[in-house]
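These notes concern the structure reproduced below.
Here is the naming used below: chain letters follow the sequence lines, and residue numbers restart at 1 for every chain. Since this is a predicted model, take the numbers as computed values, not measurements.
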Amino acid sequence: MPGSADLGRLLAVPAEEAALVLLGCTLSHRAPDGTVTVRLTEVEAYAGEADPASHAWRGRTPRNAVMFGPAAFLYVYLSYGMHFCGNVVVGTEGSAAAVLLRAGDVVEGEDLARARRGPAVRAHALGRGPANLMQALGVDRSHDGAALLAEGPLVLEHHGSVDPARVRTGPRVGVSRAADVPWRFWLDGEPSVSAYRRSPRA
DNA sequence: ACGCCGATTCTC
DNA sequence: AGAATCGGCGTC
């Protein structure tokens, strides 16, 4: 099992390559009330300033500043004024590339995840959808810029490459610009993978 | 200063 | 199909 230095190197590549590295990785959040760990099953690549669908497309702002930093830090943003979504910053410093974490399977702390998501939520749905995934983990704006491979509450771990035959790709969800690029990646057959919805526009 | 559009999700 | 609701960006 590679150490954190190795994973940091694996993530210092273009977003669509880093996305494949992140599939199957686990992300843990150690909070005062307990630890939740998810295994990533669905991600989306965003290429940075060159990508019309990226938050970094129009350059650096206070919100997206973390994207312009080094790889293996978490970029958290507020979506629609009410949901937090998380990205792993990838590529080289200054590239603003990131991978949106869209879904994951809760492999540790299911009770705590359900306490955060709601008592009626089925196990496979605890981490389904980018905002639901962050809610299950207990991640919010306070974690924007948090290191993922250093001492701290958030830990990202690689467990070897996933079987390439299990990886599926398709258009990114909710994205109207650059909708032709198949930069959504997911593991086939995982119940936690969110149902595909095409962009409301186009 | 004003308005519209989101990398969403849940409910009607 | 609609609502909840905040930040960024274009426009007046």
Which residues, ordered by chain and number, are linked to A:W186 in its hydrophobic cluster, where ILVMFWY side chains connect at heavy-atom gaps below 4.5 Å, directly or through other members? A:V193

Numerically ordered, the residues 111-128 of chain A set in heavy-atom contact under 4.0 Å with DNA chain B is A:R117

Sequence neighbours left out, what passes side-chain contact (heavy atoms from CB on, under 4.5 Å) with A:A150? Give chain and number order. A:A147

According to a 3.5 Å limit on both distances, what stems of 3 or more consecutive Watson-Crick or G-U pairs are formed with DNA chain C? B:1-6 with C:6-11, B:8-11 with C:1-4

Applied to residues 119-138 of chain A, the side-chain hydrogen bond (donor to acceptor under 3.5 Å, both in side chains) test, sequence neighbours excluded, yields A:R117-A:N132

In numerical order, the residues of residues 45-75 of chain A whose heavy atoms come under 4.0 Å of DNA chain C are A:R58, A:T61, A:R63

First contact, last contact: which nucleotides of DNA chain C are these for chain A, 5' to 3', heavy-atom distance under 4.0 Å? C:dA4 to C:dG10

Mind checking what makes side-chain contact (heavy atoms from CB on, under 4.5 Å) contact with A:A53, not counting sequence neighbours? A:Y46, A:D51, A:R172, A:V175

For nucleotides 1-3 of chain B, give me every protein contact, N/O to N/O, under 3.5 Å, one pair per line with atom names.
none

Among all residues two or more places apart in sequence or in another chain, which pass the salt bridge (charged side-chain N to carboxylate O under 4.0 Å, His left out) test with A:E16? none

Residues within residues 81-99 of chain A bordering DNA chain C, heavy-atom distance below 4.0 Å: A:G81, A:M82

By side-chain contact (heavy atoms from CB on, under 4.5 Å), which residues pair with A:V89, not counting sequence neighbours? A:V66, A:Y75

